[in-house]
Amino acid sequence: MTTARRTASLLTLIGAGALLLAGCASGSTAGVTPSGSGSAAAPAASGSELELEAGWLDGGRQIGLVTWGSSTCVPMAGDVALQADGSVAVTLQAIDAATVCTADYAPRVTLVPVPEGVDPTKDLDLVVTDANGARGETDLDGVAGLAAGGQTDYAPSAGWAGDDLIAILTWGSSSCAPRVQDVAAADATHVTVTFADLADKACTMDMAPRATLAAVSGLDVDDTGASLTLSGGDAQFATPVTVPIVG
């Protein structure tokens, strides 16, 4: 969902780890106060309601789906299907029972491929169910100029995922996902995100989509024509790159 203007009270940073195109995910969340030290993944109660937000990414080819829970146990997207009523049903895969998750409660972003037949220029309802039967719904406003399908151009992209969250998609090593270090705003239409230095980290030589969240609380950002400049991290952003924030 979008609003005419986005205003909040604090500036916080949220980094989520690498997410593969089919929804595989791992990573961490920074700048969020944990609610405990660590434990095995705690499942949501069957029939409970999932808290959700979502934003368009990759020119309408993908959706950044935001859920809340352990920052180190990001859910993976399983089945994704266009329904007869025009909504898209997404099933989140179960976290392995042997996985130990931090006992915090933070927003995490999962990449969801947009199924064939969806027109991202029109409003879209998402119905999401997790492996424990918890269910939630959210909607995405259609955005002129987006076109689902076709081959990605492997370019970074960004989309509003709620009033104060920006979902960011980058491409590169799946083991070296960007981690947000700083967020700032030059004015009401432009946000800058600086990624942490990865110079000393050994990275795999693959090319994968990585999704990250940046929180822009405390900023008065106009969503009409807003843009985002990315810098830092790996060599990809040694020269800052500016992209529109879709939504």
Side-chain angles (χ1 to χ4, degrees), residues 1-2 16-27 49-67 74-95 107-162 165-174 177-178 206-213 223 226 228 241 243-247:
M1 290 183 283
T2 61
L19 307 177
L20 301 185
L21 186 58
C24 299
S26 64
E49 185 174 353
L50 296 173
E51 184 179 1
L52 304 171
E53 294 285 1
W56 296 109
L57 294 169
D58 199 21
R61 302 178 187 91
Q62 299 186 62
I63 293 168
L65 176 66
V66 178
T67 60
V74 185
M76 299 182 293
D79 293 335
V80 180
L82 178 63
Q83 305 299 292
D85 62 1
S87 66
V88 168
V90 179
T91 301
L92 300 177
Q93 297 181 12
I95 302 294
R108 306 85 50 90
V109 60
T110 297
L111 286 178
V112 176
V114 174
E116 185 177 354
V118 171
D119 182 356
T121 66
K122 298 180 180 179
D123 296 351
L124 177 67
D125 291 326
L126 291 175
V127 180
V128 181
T129 306
D130 72 7
N132 303 299
R135 183 179 181 276
E137 297 185 27
T138 189
D139 63 289
L140 275 166
D141 290 348
V143 177
L146 298 184
Q151 180 65 34
T152 182
D153 54 10
Y154 298 100
S157 58
W160 287 110
L165 288 175
I166 301 173
I168 304 168
L169 172 65
T170 62
W171 298 82
S173 172
S174 60
D206 58 343
M207 175 65 75
R210 298 92 52 91
T212 307
L213 285 178
D223 67 357
L228 175 71
V241 176
V243 298
I245 306 175
V246 174

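Sequential numbering from 1 along the given sequence is applied to the chain's residues.
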Handout entry: Minimum heavy-atom distance between V80 and P113, given as atom pair plus value
Key = CG1-O, 3.5 Å

Practice task
Determine whether D153 and D58 make a side-chain contact, defined as any pair of heavy atoms from C-beta on separated by less than 4.5 Å.
Solution key: yes

Exercise for the section: Assess whether atom CG of D119 is packed by more than 12 heavy atoms of other residues, nucleotides or ligands within 6.0 Å. Expected result: yes

Fill in the blank from the handout: Hits for side-chain hydrogen bond (donor to acceptor under 3.5 Å, both in side chains) against T129, two or more places apart or cross-chain, chain-then-number order -> none

Exercise for the section: State, yes or no, whether a side-chain contact exists between L228 and I166 at a heavy-atom distance under 4.5 Å. Expected result: yes

Problem - Value rounded to 0.5 Å, distance of CG in L52 from CG in L92 - result: 8.0 Å

Exercise for the section: For residues T170 and P178, report the shortest heavy-atom separation together with the two atoms involved. Expected result: OG1-CG, 3.3 Å

Exercise for the section: Name all residues meeting the side-chain hydrogen bond (donor to acceptor under 3.5 Å, both in side chains) criterion together with Q151; count only those two or more places apart in sequence or in a different chain, and write none if there are none. Expected result: Y154

Exercise for the section: With rounding to the nearest 0.5 Å, note down the distance linking NZ in K122 to CG in L140. Expected result: 15.5 Å

Practice task
Check side chain to side chain contact (heavy atoms under 4.5 Å, CB included) between V118 and all other residues, then give those that pass, not counting sequence neighbours.
Solution key: W56, L82, V88, V114, P115, L124

Problem - Inter-residue atom distance L169.CG - I63.CD1, 0.5 Å rounding - result: 12.5 Å

Completion exercise
Scanning both residues in full, the closest heavy-atom pair of P156 with V243 reads O-CG1, 3.5 Å

Problem - Non-hydrogen atoms of D206 and S174 that approach each other most closely - result: OD2-OG, 2.5 Å

Completion exercise
Residues at least two apart in sequence or cross-chain that pass side chain to side chain contact (heavy atoms under 4.5 Å, CB included) with D125, listed by chain then number, are S87, D139

Completion exercise
So ring-ring contact (aromatic ring centres under 6.0 Å, His included) across residues 129-152, not counting sequence neighbours, yields none

Exercise for the section: With sequence neighbours left out, write down each residue that passes salt bridge (Lys or Arg N to Asp or Glu O under 4.0 Å) with E137, or none if nothing qualifies. Expected result: R135

Practice task
Could you tell me whether the side chain of T67 reaches within less than 4.5 Å of the side chain of L50, counting heavy atoms only?
Solution key: no

Exercise for the section: Just do the side-chain contact (heavy atoms from CB on, under 4.5 Å) check on W160 and V246 with the steps written out, would you? Expected result: CA-CA 6 Å; W160 287 110; V246 174; over 6 Å; no

Completion exercise
Output for pair (L146 CG, R61 CZ), nearest 0.5 Å, gives 9.5 Å

Problem - Which residues share a side-chain hydrogen bond (donor to acceptor under 3.5 Å, both in side chains) with Q83, sequence neighbours left out - result: none

Problem - Contacts of type side-chain hydrogen bond (donor to acceptor under 3.5 Å, both in side chains), residue S157, not counting sequence neighbours - result: none

Fill in the blank from the handout: By side chain to side chain contact (heavy atoms under 4.5 Å, CB included), D123 pairs with (sequence neighbours left out) D141

Exercise for the section: Could you list all the ring-ring contact (aromatic ring centres under 6.0 Å, His included) pairs where at least one residue sits in residues 107-126, not counting sequence neighbours? Expected result: none

Exercise for the section: Answer whether the closest heavy-atom distance between the side chains of P75 and D130 falls below 4.5 Å. Expected result: no

Completion exercise
Correct closest heavy-atom pair for A161 and V66 would be CB-CG2, 3.8 Å

Practice task
Of all the heavy-atom pairs spanning A54 and T138, show the shortest one and how long it is.
Solution key: CB-CG2, 4.1 Å

Fill in the blank from the handout: Distance col, row E53:CD vs L126:CG, nearest 0.5 angstrom, shows 11.0 Å

Handout entry: Pairwise side-chain contact, V128 with V112, heavy-atom cut-off 4.5 Å (strictly under)
Key = no

